[in-house]
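Everything below concerns the one structure shown next.
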Amino acid sequence: ASAFKSHRVKQAGAMSFFEALNACRIPGHRRKLATMANEKLERNKMHKKLRRETGKAIADFNMISDGDRVMVCLSGGKDSLTMLDILLSLAERAPINFQIIAVNLDQKQPDFPEEVLPAYFESLGVNYHIIEEDTYSLVTDMVPEGKTSCGWCSRFRRGILYRFARQHGYNKIALGHHRDDLIETLFLNLFHGGKLKSMPPKLLSDDSTNMVIRPLAYCREKDIARYASLSKMSVIPCNLCGSQDNLQRQVIKEMLQGWDSQHPGRLESIFRALTDVVPSHLADTALFEFGELEKSQVDSVDLVNLKSS
């Protein structure tokens with residue numbers, strides 16, 4: 001009897017342990033489900049926000065028209081992946097018809113995961129093309145160690161993409177630059193180029209054959225990063241240019257991030273300034289005819305006569 005009693009005690013103890021264990025597991029499971037639900041809700045809200053801002057930029061600058069063939073350029077980074085996602089969503093809802101092709105330039109960087117983007121495009125069911133050009137070897141041969149390669153890399157990439165668009169009849173080239181890129185470029189040109197210019201949301205190439213559009217021009221980078229994270233996008237890091245520590249752009253980015261943290265609203269104010277330029281209050285004689293102001297000046301005698309009348 002004592003042995004039976006002892007067995008019953010142990011069994012009861014074991015049951016109590018598993019009951020306690022399940023009691024711990026259930027709240028954790030619920031928390032996980034709640035987190036997943038909250039993330040889904042946040043993703044939907046972020047998607048709507050990005051889609052609204054992208055749609056407004058497209059409308060403001062007439063980026064896409066009925067019948068356009070849009071070549072969406074993707075590096076595999078968060079910006080271009082988000083751009084493709086939003087453009088595909090807009091294409092389903094837009095009152096106009098336009099074609100989209102996803103294009104990636106495989107520059108033959110070491111350890112670049114060649115299979116990631118094709119698999120992603122296949123999962124989306126979007127038309128795509130992979131251009132293979134070994135610009136990596138060219139850039140590394142031309143640029144001394146310790147120097148940034150972005151300039152040469154950008155020139156090669158731009159030339160290859162422009163040529164592909166012309167050869168295949170794509171009249172719009174969509175790039176994934178966002179609002180923060182535009183602001184960073186403004187300060188790069190201001191600090192290091194002595195020019196007051198940025199990246200335009202819409203640009204005609206120098207030879208007038210390619211039209212470049214930047215649909216994410218109104219979107220904040222941190223919103224894009226959050227959306228890409230919530231969407232579980234397979235983001236491919238850039239090891240050729242973006243990770244170089246001595247980039248001036250990275251220095252500017254850190255400066256702007258500091259401002260955004262310490263002075264909320266400052267970046268929004270800077271971006272509004274890009275959309276509200278007053279040439280008469282700058283000093284560029286090519287933009288404003290300062291030498292012709294005398295023709296519009298009212299004579300002081302006329303002012304006296306006007307007051308007396």
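Under the rule for a ring-ring contact (aromatic ring centres under 6.0 Å, His included), Y120 has no partner lying at least two apart in sequence or in another chain. Listed by chain and residue number, nothing satisfies the side-chain hydrogen bond (donor to acceptor under 3.5 Å, both in side chains) test with N127 (two or more places apart in sequence, or in another chain). Residues satisfying the side-chain hydrogen bond (donor to acceptor under 3.5 Å, both in side chains) criterion with E53, sequence neighbours excluded, are K49. For H192, the side-chain hydrogen bond (donor to acceptor under 3.5 Å, both in side chains) partners two or more places apart in sequence, or in a different chain, are Q248. Residues passing the side-chain hydrogen bond (donor to acceptor under 3.5 Å, both in side chains) test with E289, sequence neighbours excluded: none. A search for side-chain contact (heavy atoms from CB on, under 4.5 Å) contacts involving E133 returns L105, I131, T135, I160, R163, not counting sequence neighbours.
Expressed to the nearest 0.5 Å, how far OG1 of T54 lies from CG of D85 amounts to 10.0 Å. Taken from OG in S234 to NZ in K78, the straight-line distance is 15.0 Å, to the nearest 0.5 Å. Atom OG1 in T82 sits 12.5 Å away from atom CZ in R226 (nearest 0.5 Å).
Neither F121 nor V103 shares a network with the other; the hydrophobic side chains, linked directly or stepwise wherever heavy atoms of I, L, V, M, F, W or Y lie under 4.5 Å apart, form separate groups for each. One hydrophobic cluster, built from ILVMFWY side chains closer than 4.5 Å, holds both L188 and F191. In the hydrophobic clustering of this structure, I64 does not group with M71; members are Ile, Leu, Val, Met, Phe, Trp, Tyr whose side-chain heavy atoms approach within less than 4.5 Å, directly or through other members. M83 and V116 fall within the same hydrophobic cluster, where Ile, Leu, Val, Met, Phe, Trp and Tyr residues are linked whenever their side-chain heavy atoms come under 4.5 Å apart, directly or through other members. With hydrophobic clusters built from ILVMFWY side chains whose heavy atoms lie under 4.5 angstrom apart, V72 shares a cluster with M199.
Between E122 and Y128, the closest side-chain pair of non-hydrogen atoms falls below 4.5 Å. M211 has its side chain out of reach of L203: every pair of non-hydrogen atoms, C-beta onward, lies at least 4.5 Å apart. Residues H168 and I101 fail the side-chain proximity criterion, which asks for heavy atoms closer than 4.5 Å. The side-chain heavy atoms of C73 and I173, taken from C-beta on, include a pair separated by under 4.5 Å. Proximity of Y218 to R52: side-chain heavy atoms (C-beta onward) are nowhere separated by under 4.5 Å. Residues V70 and Y170 have side chains not in contact (no heavy-atom distance under 4.5 Å, counting atoms from C-beta outward). Between I236 and F112 there is a side-chain heavy-atom pair separated by less than 4.5 Å. Proximity of I130 to P118: side-chain heavy atoms (C-beta onward) are separated by under 4.5 Å at one or more points.
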Could you pull out all donor-acceptor pairs under 3.5 Å where a side-chain atom in residues 266-287 meets a protein atom, sequence neighbours excluded?
| residue | atom | partner | partner atom | Å |
| --- | --- | --- | --- | --- |
| E268 | OE2 | R179 | NH1 | 3.3 |
| T275 | OG1 | R272 | O | 2.7 |
| D284 | OD1 | A286 | N | 2.9 |

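D68 and M63 make their closest contact through OD2-O, 4.0 Å (heavy atoms, listed as atom of the first residue, atom of the second, distance). Considering all non-hydrogen atoms of both residues, D79 and G176 come closest at CB-O, 3.3 Å. Nearest heavy atom pair, residue F187 against residue I252, reads CB-CG2, 3.9 Å. Across all non-hydrogen atoms, the minimal contact from C219 to D180 is O-OD1, 4.2 Å. The two atoms that bring S75 and G77 nearest to each other are OG-N, 3.2 Å, heavy atoms only. Minimum heavy-atom separation, K172 to S65: NZ-N, 4.2 Å.
Sorted by first then second residue, the salt bridge (charged side-chain N to carboxylate O under 4.0 Å, His left out) pairs that include residues 91-106, not counting sequence neighbours, are D106-K108. Screening residues 37-88 for ring-ring contact (aromatic ring centres under 6.0 Å, His included), with sequence neighbours left out, gives H47-Y227. Counting only residues at least two apart or on different chains, the side-chain hydrogen bond (donor to acceptor under 3.5 Å, both in side chains) pairs with a member in residues 203-216 are R166-N210, H177-R214, S205-D207, D207-T209. Sequence neighbours left out, the pairs with a member in residues 183-193 that pass salt bridge (charged side-chain N to carboxylate O under 4.0 Å, His left out) are E184-R249, E184-K253. Within the structure, the salt bridge (charged side-chain N to carboxylate O under 4.0 Å, His left out) test picks out no pair touching residues 190-203 (sequence neighbours left out).
Counting only distance, with no hydrogens or angles, the side chain of S231 and the backbone of M233 share no donor-acceptor pair below 3.5 Å. Here the side chain of S261 pairs no donor or acceptor atom with the backbone of Q257 at under 3.5 angstrom. Not a single donor-acceptor pair under 3.5 Å links the side chain of D66 to the backbone N or O of I96. In this structure, S198 contributes its side chain and L182 its backbone to a donor-acceptor pair below 3.5 Å.
Put simply, the residue from I86, I224, L74 that forms a side-chain contact (heavy atoms from CB on, under 4.5 Å) with L81 is L74.
The existence of a salt bridge linking E292 and K295 is confirmed by a sub-4.0 Å separation between a basic side-chain nitrogen and an acidic carboxylate oxygen.
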